[in-house]
Novice: 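Dropping the structure in here first, questions after.
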Amino acid sequence: MSTAIIGVGNIGGTIARHLAAGGEPVVVAARDESQAKALAAELGPNASAASVEDAITGADAVVLALWLDAMQEVIPQQARLLDGKVVVDPSNPIGFDANGQIIRTLPDDQSAGSIVSALLPAGARYVKAFGTLAAEALAASANREPRRAALYYATDDDTAATTVERLIRAAGFDPLKAGGVADAGRIEAPGGDLHQFGFNGDIVDLEQARAVLAGAEQPARA
(Lines give C-alpha, C1' and ligand atoms only; values in the text may rest on other atoms or scores of the structure.)
Protein backbone atom coordinates (compact mmCIF):
# COMPACT_ATOMS: atom_id res chain seq x y z
CA MET A 1 0.00 0.00 0.00
CA SER A 2 1.22 3.50 -0.74
CA THR A 3 0.29 6.95 0.48
CA ALA A 4 0.26 10.11 -1.62
CA ILE A 5 1.01 13.34 0.19
CA ILE A 6 -0.17 16.39 -1.71
CA GLY A 7 1.67 19.43 -0.40
CA VAL A 8 5.20 19.47 1.00
CA GLY A 9 5.04 22.39 3.42
CA ASN A 10 5.37 22.15 7.21
CA ILE A 11 2.61 19.58 7.69
CA GLY A 12 2.99 17.61 4.46
CA GLY A 13 6.77 17.44 4.73
CA THR A 14 6.57 16.32 8.35
CA ILE A 15 4.02 13.59 7.64
CA ALA A 16 6.12 12.36 4.73
CA ARG A 17 9.26 12.24 6.88
CA HIS A 18 7.54 10.34 9.68
CA LEU A 19 5.87 7.82 7.38
CA ALA A 20 9.01 7.15 5.35
CA ALA A 21 11.00 6.69 8.56
CA GLY A 22 8.31 4.26 9.73
CA GLY A 23 8.67 2.14 6.61
CA GLU A 24 5.63 3.39 4.69
CA PRO A 25 6.03 3.99 0.94
CA VAL A 26 5.10 7.60 0.19
CA VAL A 27 4.71 9.55 -3.03
CA VAL A 28 5.00 13.30 -2.57
CA ALA A 29 3.56 15.88 -4.93
CA ALA A 30 3.33 19.65 -5.02
CA ARG A 31 2.47 22.42 -7.42
CA ASP A 32 6.21 23.07 -7.64
CA GLU A 33 7.42 19.61 -8.65
CA SER A 34 11.05 20.52 -7.89
CA GLN A 35 10.16 20.84 -4.19
CA ALA A 36 8.56 17.39 -4.20
CA LYS A 37 11.59 15.89 -5.93
CA ALA A 38 13.94 17.48 -3.41
CA LEU A 39 11.93 16.12 -0.48
CA ALA A 40 11.77 12.63 -1.99
CA ALA A 41 15.53 12.64 -2.49
CA GLU A 42 16.01 13.66 1.14
CA LEU A 43 13.74 10.89 2.44
CA GLY A 44 15.43 8.01 0.66
CA PRO A 45 14.16 4.72 -0.75
CA ASN A 46 10.69 4.81 0.82
CA ALA A 47 9.83 8.06 -0.98
CA SER A 48 9.32 9.13 -4.57
CA ALA A 49 7.94 12.21 -6.29
CA ALA A 50 5.24 12.49 -8.94
CA SER A 51 2.75 14.91 -10.39
CA VAL A 52 -0.36 15.48 -8.31
CA GLU A 53 -2.45 13.42 -10.72
CA ASP A 54 -0.03 10.50 -10.85
CA ALA A 55 0.50 10.52 -7.08
CA ILE A 56 -3.24 10.27 -6.43
CA THR A 57 -3.80 7.65 -9.13
CA GLY A 58 -1.19 5.28 -7.74
CA ALA A 59 -2.04 5.65 -4.06
CA ASP A 60 -4.38 3.83 -1.70
CA ALA A 61 -4.55 6.80 0.68
CA VAL A 62 -4.17 10.51 -0.11
CA VAL A 63 -3.12 13.11 2.46
CA LEU A 64 -4.25 16.58 1.35
CA ALA A 65 -1.67 18.62 3.27
CA LEU A 66 -2.94 21.95 1.96
CA TRP A 67 -4.42 25.13 3.33
CA LEU A 68 -8.20 25.01 3.35
CA ASP A 69 -8.49 27.59 0.55
CA ALA A 70 -6.16 25.56 -1.67
CA MET A 71 -8.07 22.38 -0.89
CA GLN A 72 -11.28 23.99 -2.11
CA GLU A 73 -9.56 24.45 -5.48
CA VAL A 74 -7.70 21.13 -5.70
CA ILE A 75 -10.50 18.74 -4.70
CA PRO A 76 -12.90 19.69 -7.53
CA GLN A 77 -10.00 19.45 -10.00
CA GLN A 78 -9.04 15.96 -8.78
CA ALA A 79 -12.47 14.65 -7.78
CA ARG A 80 -12.52 11.83 -10.33
CA LEU A 81 -9.16 10.51 -9.12
CA LEU A 82 -10.10 10.81 -5.43
CA ASP A 83 -13.17 8.61 -5.86
CA GLY A 84 -12.59 5.37 -3.95
CA LYS A 85 -9.51 6.64 -2.12
CA VAL A 86 -9.02 7.10 1.60
CA VAL A 87 -8.63 10.89 1.88
CA VAL A 88 -6.83 12.22 4.94
CA ASP A 89 -7.49 15.87 5.83
CA PRO A 90 -5.19 17.62 8.34
CA SER A 91 -6.53 21.12 7.64
CA ASN A 92 -7.49 23.68 10.25
CA PRO A 93 -9.57 26.85 9.73
CA ILE A 94 -6.59 29.06 10.59
CA GLY A 95 -5.47 32.36 9.14
CA PHE A 96 -3.40 35.30 10.29
CA ASP A 97 -4.40 38.92 10.85
CA ALA A 98 -2.35 41.98 9.94
CA ASN A 99 -0.34 41.58 13.15
CA GLY A 100 0.48 37.96 12.50
CA GLN A 101 -1.95 36.69 15.13
CA ILE A 102 -3.89 33.48 14.52
CA ILE A 103 -7.53 33.99 13.59
CA ARG A 104 -10.35 31.58 12.81
CA THR A 105 -11.43 31.66 9.18
CA LEU A 106 -14.80 29.91 9.60
CA PRO A 107 -17.84 30.52 11.81
CA ASP A 108 -17.60 28.82 15.20
CA ASP A 109 -20.25 26.26 14.27
CA GLN A 110 -18.58 25.20 11.02
CA SER A 111 -15.57 22.88 10.77
CA ALA A 112 -13.02 22.61 8.00
CA GLY A 113 -13.85 18.91 8.00
CA SER A 114 -17.46 19.57 7.08
CA ILE A 115 -16.35 21.65 4.09
CA VAL A 116 -13.70 19.22 2.84
CA SER A 117 -15.85 16.11 3.23
CA ALA A 118 -18.70 17.76 1.33
CA LEU A 119 -16.39 18.59 -1.59
CA LEU A 120 -15.25 14.99 -2.05
CA PRO A 121 -16.93 12.53 -4.42
CA ALA A 122 -19.39 10.14 -2.80
CA GLY A 123 -17.01 7.20 -3.12
CA ALA A 124 -14.13 8.84 -1.25
CA ARG A 125 -13.43 7.58 2.27
CA TYR A 126 -12.86 10.70 4.36
CA VAL A 127 -10.92 10.98 7.62
CA LYS A 128 -9.78 14.00 9.59
CA ALA A 129 -6.30 13.35 10.99
CA PHE A 130 -2.73 14.61 11.46
CA GLY A 131 -3.84 18.17 12.21
CA THR A 132 -4.33 17.94 15.98
CA LEU A 133 -0.80 19.13 16.81
CA ALA A 134 0.92 22.33 15.72
CA ALA A 135 3.44 21.70 12.94
CA GLU A 136 6.44 22.06 15.24
CA ALA A 137 4.97 19.66 17.80
CA LEU A 138 4.06 17.13 15.11
CA ALA A 139 7.63 17.23 13.82
CA ALA A 140 9.21 16.83 17.27
CA SER A 141 6.89 14.32 18.94
CA ALA A 142 7.10 11.14 16.86
CA ASN A 143 8.16 8.00 18.75
CA ARG A 144 8.18 9.89 22.04
CA GLU A 145 9.34 7.93 25.09
CA PRO A 146 8.37 6.54 27.50
CA ARG A 147 4.81 7.07 26.19
CA ARG A 148 3.96 7.93 22.61
CA ALA A 149 1.99 11.07 21.88
CA ALA A 150 -1.62 10.49 20.84
CA LEU A 151 -3.26 11.78 17.67
CA TYR A 152 -7.04 12.01 17.48
CA TYR A 153 -8.87 11.32 14.23
CA ALA A 154 -12.50 11.57 13.09
CA THR A 155 -14.32 9.57 10.43
CA ASP A 156 -17.58 7.81 9.63
CA ASP A 157 -15.84 5.20 7.46
CA ASP A 158 -14.42 1.95 8.86
CA THR A 159 -11.92 1.50 6.03
CA ALA A 160 -10.64 5.03 6.52
CA ALA A 161 -10.34 4.39 10.26
CA THR A 162 -8.29 1.23 9.74
CA THR A 163 -6.03 2.96 7.22
CA VAL A 164 -5.40 6.08 9.24
CA GLU A 165 -4.69 4.11 12.42
CA ARG A 166 -1.99 2.23 10.51
CA LEU A 167 -0.53 5.49 9.20
CA ILE A 168 -0.62 7.19 12.60
CA ARG A 169 1.21 4.26 14.18
CA ALA A 170 3.76 4.14 11.36
CA ALA A 171 4.36 7.86 11.88
CA GLY A 172 5.26 7.24 15.53
CA PHE A 173 2.05 8.13 17.37
CA ASP A 174 -0.90 6.36 19.01
CA PRO A 175 -4.27 6.80 17.25
CA LEU A 176 -7.57 7.49 19.01
CA LYS A 177 -10.93 8.04 17.33
CA ALA A 178 -12.64 11.22 18.51
CA GLY A 179 -15.89 10.48 16.68
CA GLY A 180 -17.38 10.93 13.24
CA VAL A 181 -17.14 13.76 10.74
CA ALA A 182 -19.65 15.71 12.82
CA ASP A 183 -17.01 15.79 15.57
CA ALA A 184 -14.20 17.06 13.32
CA GLY A 185 -14.38 20.54 14.82
CA ARG A 186 -13.31 19.13 18.19
CA ILE A 187 -9.89 18.22 16.76
CA GLU A 188 -9.42 21.45 14.80
CA ALA A 189 -7.91 24.77 15.81
CA PRO A 190 -8.71 27.31 16.87
CA GLY A 191 -11.50 26.33 19.22
CA GLY A 192 -11.36 22.54 19.29
CA ASP A 193 -11.22 21.07 22.79
CA LEU A 194 -9.26 18.03 21.56
CA HIS A 195 -6.64 19.99 19.62
CA GLN A 196 -3.25 20.71 21.20
CA PHE A 197 -4.30 24.35 21.59
CA GLY A 198 -7.25 23.14 23.67
CA PHE A 199 -4.75 21.49 26.03
CA ASN A 200 -2.88 24.77 26.55
CA GLY A 201 -0.13 23.48 24.30
CA ASP A 202 0.32 20.14 26.07
CA ILE A 203 0.93 16.99 24.05
CA VAL A 204 -1.04 14.13 25.55
CA ASP A 205 -0.39 10.40 25.56
CA LEU A 206 -3.03 7.76 24.84
CA GLU A 207 -4.17 7.40 28.47
CA GLN A 208 -4.58 11.15 28.83
CA ALA A 209 -6.32 11.44 25.46
CA ARG A 210 -8.81 8.72 26.42
CA ALA A 211 -9.53 10.41 29.74
CA VAL A 212 -10.23 13.75 28.07
CA LEU A 213 -12.44 12.11 25.46
CA ALA A 214 -14.40 10.39 28.20
CA GLY A 215 -14.98 13.73 29.88
CA ALA A 216 -12.64 13.12 32.80
CA GLU A 217 -10.07 15.56 34.05
CA GLN A 218 -6.77 15.33 32.24
CA PRO A 219 -4.46 13.12 34.36
CA ALA A 220 -1.59 14.86 36.07
CA ARG A 221 1.53 14.82 33.96
CA ALA A 222 4.50 12.93 35.30
Side-chain angles (χ1 to χ4, degrees), residues 1-92 94 96 112 116 120 124-145 148-149 151 153 160 162-175 196 203:
M1 299 182 73
S2 65
T3 300
I5 300 174
I6 312 303
V8 295
N10 288 339
I11 295 295
T14 294
I15 295 170
R17 287 184 178 90
H18 288 336
L19 290 178
E24 286 285 331
V26 297
V27 182
V28 294
R31 183 173 296 176
D32 183 343
E33 291 190 16
S34 66
Q35 292 182 344
K37 290 177 180 177
L39 178 60
E42 172 194 333
L43 298 184
N46 285 330
S48 60
S51 67
V52 172
E53 291 79 6
D54 287 348
I56 295 172
T57 298
D60 303 288
V62 180
V63 180
L64 295 177
L66 304 167
W67 289 92
L68 181 58
D69 286 351
M71 219 178 293
Q72 290 174 289
E73 295 180 12
V74 169
I75 291 174
Q77 294 169 357
Q78 306 299 337
R80 180 181 59 84
L81 299 179
L82 291 168
D83 197 28
K85 307 289 185 179
V86 172
V87 179
V88 183
D89 165 26
S91 69
N92 285 291
I94 284 178
F96 298 92
V116 174
L120 290 168
R125 300 177 180 274
Y126 174 83
V127 56
K128 186 84 180 181
F130 284 110
T132 57
L133 298 180
E136 298 82 0
L138 184 68
S141 301
N143 298 303
R144 194 179 65 166
E145 295 181 348
R148 280 187 167 197
L151 293 184
Y153 70 91
T162 299
T163 298
V164 85
E165 288 201 359
R166 176 177 58 82
L167 294 177
I168 288 172
R169 290 192 179 99
F173 299 87
D174 282 336
Q196 181 190 1
I203 299 169

Novice: What is the minimum heavy-atom distance between Gly23 and Asn46, and which atoms define it?
Specialist: CA-ND2, 3.7 Å
Novice: Less than 4.5 Å apart, side chain to side chain, heavy atoms only: is that true for Val127 and Val87?
Specialist: no
Novice: Please find the pair of heavy atoms, one from Ala55 and one from Ala50, that lie closest to each other, and give the distance.
Specialist: N-CB, 4.0 Å
Novice: First locate atom CG of Leu19, then atom CZ of Arg169, and finally report the distance between them rounded to the nearest 0.5 Å.
Specialist: 13.5 Å
Novice: Would you indicate whether the side-chain heavy atoms of Ile168 and Phe130 approach each other to under 4.5 Å?
Specialist: yes
Novice: Rounded at 0.5 Å granularity, tell me how far CG in Leu133 sits from CD in Gln196.
Specialist: 5.0 Å
Novice: Using side chain to side chain contact (heavy atoms under 4.5 Å, CB included), reason through Val62 and Val86 one step at a time and then give a plain yes or no.
Specialist: CA-CA 6 Å; Val62 180; Val86 172; over 6 Å; no
Novice: What closest approach, in Å, do Met71 and Val116 show between heavy atoms, and which atom pair accounts for it?
Specialist: SD-CG2, 3.5 Å
Novice: To the closest 0.5 Å, what do you measure between CD (Glu165) and OG1 (Thr162)?
Specialist: 6.5 Å
Novice: Which pair of non-hydrogen atoms, one from Ala65 and one from Gly12, has the smallest distance, and what is that distance?
Specialist: CB-CA, 3.4 Å
Novice: Write down the atom of Ala36, the atom of Ala30, and the distance for their closest heavy-atom approach.
Specialist: CB-N, 4.0 Å
Novice: Taking only residues two or more places apart in sequence, or in another chain, which ones meet Glu42 in a salt bridge (Lys or Arg N to Asp or Glu O under 4.0 Å)?
Specialist: Arg17
Novice: Does the side chain of Pro90 reach to within under 4.5 Å of the side chain of Lys128, using non-hydrogen atoms?
Specialist: no
Novice: Hey, could you give me each pair passing side-chain hydrogen bond (donor to acceptor under 3.5 Å, both in side chains) that has a residue in residues 56-73? Not counting sequence neighbours.
Specialist: none
Novice: Between Met1 and Pro25, is there a side-chain heavy-atom distance shorter than 4.5 Å?
Specialist: no
Novice: Between atom OG1 of Thr132 and atom CG of Asn92, what is the distance when rounded to the nearest 0.5 Å?
Specialist: 8.5 Å
Novice: Under the criterion side-chain contact (heavy atoms from CB on, under 4.5 Å), which of Asp89, Ile11, Val88 is the partner of Val63?
Specialist: Val88
Novice: Using 0.5 Å steps for rounding, measure from the CG atom of Leu39 to the CD1 atom of Ile5.
Specialist: 8.0 Å
Novice: Mind checking the CD1-CG spacing from Ile56 to Asp83? Nearest 0.5 Å is all I need.
Specialist: 12.0 Å
Novice: Could you tell me whether the side chain of His18 and the main chain of Leu138 form a donor-acceptor pair under 3.5 Å?
Specialist: yes
Novice: Taking C-beta and beyond as the side chain, do Lys85 and Arg125 meet within less than 4.5 Å on heavy atoms?
Specialist: no
Novice: Keeping the roles fixed (side chain from Arg148, backbone from Pro175), state whether a donor-acceptor pair exists under 3.5 Å.
Specialist: no
Novice: For a quick test of reading the model, state the closest non-hydrogen atom pair linking Ile203 to Ala149 and the distance between them.
Specialist: CG2-CB, 3.5 Å
